[in-house]
Amino acid sequence: MLGEDGTAAGPADSVSDLAAAVAEREARQAPRWVWAATEEIYPGLLARLTVRPARCHDLKLVESLLLAHEERYGLPRALGAAWARLRGLPVPDDPPDGGPDDQPVLFAADRQRLPAGTDPLVAVAAVHADQQRRIALAEHPDRMRLLCAAESAGALAAAEMTYDGLPWSAAAHDELLTGMLGPRPTGGGTRPKLLGELAGQIQEALGRQVNPDSPAQLLPAFARVGVQIASTRSYVLREVEHPAAALLLRYKELSRIHSAHGWAWREQWAPAGRFRPEYVVGGVVSGRWATRGGGALQIPRSLRAAVVADPEHRLVVADAGQLEPRVLAAMSGDDGLARAAAEGDLYAALARTAFDGDRQRAKLGLLGAMYGQTSGEVRPLLDVLHRRFPDAMRLVESAARTGEAGGVVRSRLGRTSPPPSRDRQDMTDGDARAWGRFTRNFVIQASAAEWALAMMASLRRRLTALGDGGNSGAGPRLVFFLHDEIIVHTPEEQVQAVESAVAESADEARCLVFGRTPVLFPLETHTVRCYADAK
DNA sequence: ATCGTTCGCCAC
DNA sequence: AAACGTGGCGAACGAT
């Protein structure tokens, strides 16, 4: 047990029944559990717990945030490394990242890289105290404290989502696959019927044997029938008149479904009615989550029909519309943009005031400003934005200039961009501009990720209150998270409570991350049996 | 055989 | 039209 200042508030307890001890402490004092790394400790713990912890402090994730903030990006961040830096010992490298099956649980302690003979409890307490001290030294300590709490809460939610899984109907998936590809091939390695037929038709149209998966074979084959193309990318093929092009486009579409999300995929990643990707918290420099396995960042829209709620359950699907431009409006304090962002459809409002009602141009222009686009069509739109929304444009332009000059930028809560991998002197102008586009986008994308993280942490707490508070299967569960979208799987009688919790979480995140702002962060919520119906 | 890179597509 | 940011991943392909 640690006091507010991070020092030990009592002697260490030794417990024989961990689940009972966690449940008892959660009920009595709602502690913030401090541990070396959620991803290594919590997944194994989850199955044994009756009550899920409300809060934690993940030393490894926080170390990462602090090192970047202190412009020491990239130093080892495991507990052992932080401890060694504190004590002036040789700093061990981090173990390579890997999945949970990468190392047996038995050796989990070794992954902290603590020097032999070090008492882990002493190291945890000391590193935690040091991190508290460093948080207080941050540019905005309160924001940094919030970021560390949100990142740690995200780590709890990530492990729980992998544990609970996204409901995935094998029957619905089969129906989709069979409709698109034909019956499942029985022999190993054989193509589904429709793919084989398409491959044959492509060969016929080109008049020779080609592997439709090989651009190197396709380009000369197309040339032989008089079609000169620079690549076999789909946007190139769409402009080609030759019948082989349409067949190849169809082949590519179906082949991708088969190889990336077909029957073999399901056996590996969604074998028992649940899709369980592994989320990598802080896996993207911008603070977005990455995933390992199963391609969870890219479930094709055409397969969403396979995500089906259990009997007497519903999916509450909520997605934050136009999140990034709203973040830009809130961060920059630009009056005009904030007025547009106070409406439900930001782009429409923007179009009304600055683009003669042309919503598409308003959207293109604003996205171009946030991504650093400069080419043709968008150029005049940027000029309009500069004139009408000078404060917003100054924010993104200043972030770009900082990056071009080799500097670092920070998100709203203080997540800090990595330094460029090369010294400014060694960068070409093209490199510098590319890095400027990265830092320009970083401030927006990273701040949007913070809003999403805060929203999810708030929702997780509210959902716990709706359930029995325990770790049984009952009650609403977060089951999916993707950048600006969440899915809650809930018993149908709790749908209304979940919908309210979602709306309250969005508003709480707005207040926590951006304080007083007229900018709205609406969540569009659809309650459905099947993900495909959430549109 | 195994590894790393490139192409190309999917998602936000 | 493809010089606009962040990712994951599978097949082909070239290097070892």
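Everything quoted here is computed from the prediction, not taken from an experiment. Naming convention: chains lettered A, B, ... in sequence-line order (proteins, then strands); numbering from 1 in each chain. Note that these values count all heavy atoms, side chains included, but never hydrogens, waters or copies made by symmetry.
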Residue H483(A), side-chain heavy atoms: nucleotide from dA11(C), dC12(B), dA12(C) that is nearest: dC12(B)

When the ring planes of F521(A) and F514(A) are compared, do they come out parallel, tilted or perpendicular, using 30° and 60° as the limits? parallel

Taking only N and O in the side chain of S286(A), is any of them less than 4.0 Å away from OP1 or OP2 of dG7(C)? no

Answer yes or no: does a side-chain N or O of S214(A) lie under 4.0 Å from OP1 or OP2 of dC13(C)? yes

With a 3.5 Å cut-off and heavy atoms only, can you find an N or O donor on one side and an acceptor on the other between the side chain of R233(A) and the base of dC7(B)? no

Can you tell me how far apart CG (L367(A)) and CG (N441(A)) are? Round to the nearest 0.5 Å. 10.0 Å

note: D319(A), atom CG; dC12(B), atom P; distance rounded to Å ~ 8 Å

Looking at K252(A), I'd like to know whether one of its side-chain N or O atoms comes within less than 4.0 Å of OP1 or OP2 on dC9(B). yes

Distance in angstrom units between L381(A) CG and dC4(C) P, rounded: 14 Å

Residue A216(A), side-chain heavy atoms: nucleotide from dT6(C), dG8(C), dC13(C) that is nearest: dC13(C)

Exactly one of L459(A), V317(A), V479(A) should register a side-chain contact (heavy atoms from CB on, under 4.5 Å) with V488(A). Which one does? L459(A)

In whole Å, what is the span from the CD atom of E377(A) to the P atom of dA3(C)? 14 Å

Calculate the interatomic distance between W435(A) atom CH2 and dC4(C) atom P; express it in whole Å. 18 Å

Looking at dC4(C), does its base get a donor-acceptor pair with the side chain of R437(A) below 3.5 Å? no

Could you check whether the rings of F442(A) and F438(A) sit parallel, tilted or perpendicular, using 30° and 60° as the cut-offs? perpendicular

Side chain of A290(A) - closest among dG8(C), dC12(B), dC10(B): dG8(C)

Return the CD to CD distance between Q322(A) and E524(A), rounded to the nearest 0.5 Å. 9.5 Å

By nearest heavy atom, map D213(A) and G368(A) onto DNA chain C; which one lands nearer the 5' end? G368(A)

Sugar-phosphate, base or nothing in reach of G293(A), heavy atoms under 4.0 Å: sugar-phosphate

Under-4.0 Å side-chain N/O to phosphate OP1/OP2 contact, R301(A) with dC12(B): yes

In terms of side-chain heavy atoms of V284(A), which of dC9(B), dG8(C), dG7(C) is nearest? dG7(C)

So which nucleotide from dC9(B), dC13(C), dC10(B) ends up closest to the side chain of Q217(A)? dC13(C)

Whole angstroms only, please: what is the CG-P distance between L218(A) and dA12(C)? 11 Å

Considering only side-chain heavy atoms of Q445(A), which listed nucleotide, dC13(C), dC4(C), dT6(C), is closest? dT6(C)

Between P on dG8(C) and CH2 on W265(A), what's the gap in Å once rounded to a whole number? 17 Å

dT5(B) pairs with which nucleotide, Watson-Crick or G-U wobble, both distances below 3.5 Å? dA12(C)

Among dC13(C), dC9(C), dA11(C), the nucleotide that comes nearest once only the side chain of S259(A) is considered: dA11(C)

Parallel, tilted or perpendicular: rings of F481(A) and W289(A) (30°, 60°): perpendicular

Would you mind reading off the distance between R288(A) atom CZ and dG7(C) atom P, rounded to a whole angstrom? 9 Å

So which nucleotide does dC4(C) pair with, by the Watson-Crick or G-U wobble rule with both distances under 3.5 Å? none

Looking for any heavy atom pair under 4.0 Å, which part of the strands does I299(A) touch: base, sugar-phosphate only, or nothing? sugar-phosphate

Looking for any heavy atom pair under 4.0 Å, which part of the strands does V285(A) touch: base, sugar-phosphate only, or nothing? sugar-phosphate

Is it true that R410(A) and H69(A) share a donor-acceptor pair across their side chains at a distance under 3.5 Å? yes

Between dA12(C), dG8(B), dG5(C), which nucleotide gets closest to the side-chain atoms of Y371(A)? dG5(C)

Can you tell me, in whole Å, how much space there is between the C1' of dA2(C) and that of dC7(B)? 15 Å

Is T291(A) close enough to dG8(C) that one of its side-chain N or O atoms is under 4.0 Å from OP1 or OP2 there? no

When you measure from the centre of the six-membered ring of Y347(A), is the NZ or CZ of R359(A) closer than 6.0 Å and no more than 45° off the axis? no

Atom-pair distance (CG on D431(A); C1' on dA3(C)), nearest Å: 13 Å

Regarding G430(A), tell me which of base, sugar-phosphate or nothing describes its non-hydrogen contacts under 4.0 Å with the strands shown. nothing

Scan S255(A) against the nucleic acid and name what it touches under 4.0 Å (heavy atoms): base, sugar-phosphate only, or nothing. nothing

Need to verify one output field. Residue with the more 5' nearest nucleotide on DNA chain C, Y235(A) or A260(A)? Y235(A)

Minimum-distance nucleotide to R256(A) side chain [options: dA11(B), dC4(C), dG8(B)]: dG8(B)

Of the nucleotides dC13(C), dG8(C), dC12(B), which has the atom closest to the R304(A) side chain? dC12(B)

Quick check on dA12(C): is either OP1 or OP2 less than 4.0 Å from any side-chain nitrogen or oxygen of N211(A)? yes

